[in-house]
> 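I'd like to ask you about the structure that follows.
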Amino acid sequence: MQDLRAKAELVYRELVALHGFQQLVPRREPMHELISTMLSHQTTEANEERGYQNLRATFPTWEAVIAAPVEAVAEAIKPANYAPAKAKNIQAALATILAERGEISIDFLAERSTEEGMAWLTLLRGVGPKTASLVLLFCFSKPILPVDTHVHRVSQRLGLVNAKTPTEAHEILWEMLPHDAEWLFNYHVALLRHGQRICLFKNPRCNQCPLTEHCLWYAAHRAE
DNA sequence: AAAACGGGGGC
DNA sequence: GCCCCAGTTTT
C-alpha cells in the first residue's frame with residue numbers, strides 16, 4: 001500500500017510537469033463552472049464552450065434564461081449534446097438557486113461542508129457526482145477528487161487502482177491520495193489532460209508518455 | 001450493472 | 001459514414 005502511495009506521488013510529479021502546473025486560484029467563477037460543466041456531458045470541450053458563450057450572448061442575465069421558453073435556451077446551447085434536456089435542467093437549476101437566497105449565485109456553498117455541498121448540488125437534475133465534485137473543488141477549494149473516465153482510465157493503466165466501477169476507483173484513490181485541495185486539483189487536471197492528449201482510450205500515444213516503464217497497460221500491449 | 005439519451009466533429 | 005466524448009438518469 002505504501003509503495004502505491006509513492007507511485008501516486010511519482011505519477012503526480014511526472015504528469016503535472018508534463019501538462020503544466022495548474023493554479024487552483026484564481027478560482028473559476030462558480031456559476032460559470034456549474035453551467036458549463038452541465039453543458040459538457042458527452043460532448044467535446046469546444047462544443048461546451050461554444051454552447052456556453054452562445055447562451056451568455058443570447059440572454060443578458062441568468063434570470064432571462066429562466067424566463068425564456070425552453071426551446072430558446074435549447075437553441076442557444078445547440079452545440080452541446082442533449083441540448084433539449086440540458087436546457088430544461090439548466091432552467092430548473094437556476095430557479096432552484098434563485099429560490100435559495102433570492103439571487104442567482106451559489107456562493108453560499110462556501111459556507112457548507114463538502115458533504116453538504118455534494119448533497120445540495122446533486123439534488124439538481126442533470127448534476128451528478130462528477131459535476132458537483134468539479135464545482136466544489138475548482139470554485140470552493142473543497143478537498144475532493146472528481147473521478148471522471150479519464151482519471152479512472154489513466155489511474156487504472158498505471159496500476160494505481162484496480163477497480164470495476166468508478167465508485168470503487170474513487171474509494172481506492174481517496175485512501176491513497178493526500179486530502180489537500182491543491183494537490184487533488186493538480187492530480188485531477190494532470191490526469192485529465194493526459195487522458196485527453198496522450199493516454200487515449202483507443203490507440204494511446206505511448207511514445208509521448210514519460211510513465212511507460214510504470215504502466216501495466218503498456219507492459220501488456222507493447223508487443224502490438 | 002447495463003441501457004438510454006442523441007449530436008457535432010475527427011478520422 | 002463510423003465512432004468517440006469533463007456523464008446522468010432510468011430500467
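To find a chain, count down the sequence lines: A is the first, B the second, and so on, and within it residues start at 1. Worth knowing before you read on, the calculation uses all heavy atoms, side chains too, and leaves out hydrogens, waters and symmetry mates.
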> Measure from NZ on A:Lys130 to P on C:dC5 and round the result to the nearest Å.
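Interatomic distance, NZ of A:Lys130 to P of C:dC5: 14 Å.
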> Under 5.5 Å between ring centres and under 30° between planes: true for A:Phe201 and the base of C:dC4?
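Stacking between A:Phe201 and C:dC4: absent.
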> At less than 4.0 Å, is any side-chain N or O atom of A:Thr44 found next to OP1 or OP2 of B:dG10? Yes or no.
no
> Atom NE2 of A:His152 and atom P of C:dC5: how far apart are they, to the nearest Å?
15 Å
> Taking the P atom of each, how far is B:dG6 from C:dG1, in whole Å?
24 Å
> Compare the minimum distances between each of C:dA6, C:dT8, B:dG6 and the side chain of A:Pro129, then state the nucleotide with the smallest one.
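For A:Pro129, the side-chain atoms sit closest to C:dT8.
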> A:Gln196 side chain: which of B:dG7, C:dA6, C:dT8 is closest?
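Given the options B:dG7, C:dA6, C:dT8, the side chain of A:Gln196 is closest to C:dA6.
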> At under 4.0 Å between heavy atoms, what does A:Leu124 touch on the DNA or RNA strands: base, sugar-phosphate, or nothing?
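The answer is sugar-phosphate, as A:Leu124 gets under 4.0 Å only of primed atoms, P, OP1 or OP2.
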> Measure from CG on A:Leu123 to P on C:dT9 and round the result to the nearest Å.
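After rounding, the gap between these two atoms is 10 Å.
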> Measure the shortest side-chain to side-chain distance between A:Asn207 and A:Arg205 over non-hydrogen atoms and say whether it is less than 4.5 angstrom.
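Yes, side chains in contact.
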> Both A:Arg193 and A:Gly126 contact DNA chain C. Taking the nearest nucleotide for each, which residue is further toward the 5' end?
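Taking each residue's closest nucleotide, the earlier one in sequence belongs to A:Arg193.
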> With side chains defined as the heavy atoms from C-beta onward, is the minimum distance between A:Leu109 and A:Pro30 less than 4.5 Å?
no
> Are A:Trp174 and A:Leu184 packed together at the side-chain level, in the sense that at least one heavy-atom pair is separated by less than 4.5 angstrom?
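Yes, at least one pair of side-chain atoms sits under 4.5 Å.
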> To the nearest angstrom, how far is A:Asn47 atom CG from C:dG7 atom P?
14 Å
> Atom CG of A:Leu192 to atom C1' of C:dC5: distance rounded to whole Å?
12 Å
> Describe the nucleic acid contact of A:Thr37 in one word from base, sugar-phosphate, nothing, applying a heavy-atom distance below 4.0 Å.
nothing
> Counting heavy atoms from C-beta on, name the nucleotide in C:dT8, B:dG6, C:dC4 closest to the side chain of A:Lys202.
C:dC4
> May I ask you to verify if any side-chain N or O of A:Thr131 is less than 4.0 angstrom from the OP1 or OP2 atom of C:dT8?
yes
> Please name the nucleotide paired to B:dG6 by Watson-Crick or G-U wobble geometry with both distances under 3.5 Å, or report none.
none
> Write down the distance separating the P atoms in C:dT9 and B:dG8, rounded off to the nearest Å.
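The answer is 23 Å between these two P atoms.
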> What's the closest nucleotide to the A:His150 side chain, out of C:dG7, C:dC4, C:dC5?
C:dC5
> Taking the inter-plane angle between the rings of A:His188 and A:Phe138 on a 0 to 90° scale, is it parallel (under 30°), tilted (30 to 60°) or perpendicular (over 60°)?
perpendicular
> Would you mind reading off the distance between A:Gln42 atom CD and C:dT9 atom P, rounded to a whole angstrom?
13 Å
> Do other residues, nucleotides or ligands put more than 12 heavy atoms under 6.0 Å from A:Phe108 CZ?
yes
> In whole Å, measure the gap between the P atoms of B:dA1 and C:dA6 for me.
23 Å
> Should the pair A:Glu100-A:Arg112 be classified as a salt bridge under the 4.0 Å nitrogen-to-oxygen rule?
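Judged by the 4.0 Å cut-off on N to carboxylate O distance, A:Glu100 and A:Arg112 do form a salt bridge.
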> Would you kindly give the CE-to-C1' distance between A:Met38 and C:dT9, to the nearest whole Å?
13 Å
> Check whether any side-chain nitrogen or oxygen of A:Arg50 sits under 4.0 Å from OP1 or OP2 of B:dG8, and answer yes or no.
no
> Separation of A:Lys88 atom NZ from C:dT9 atom C1', in whole Å?
12 Å
> Report yes if a side-chain nitrogen or oxygen of A:Arg125 is closer than 4.0 Å to either non-bridging phosphate oxygen (OP1 or OP2) of C:dT10; otherwise report no.
yes
> Go nucleotide by nucleotide along DNA chain C from the 5' end; which of A:Asn81 and A:Val127 gets its closest nucleotide reached first?
A:Asn81
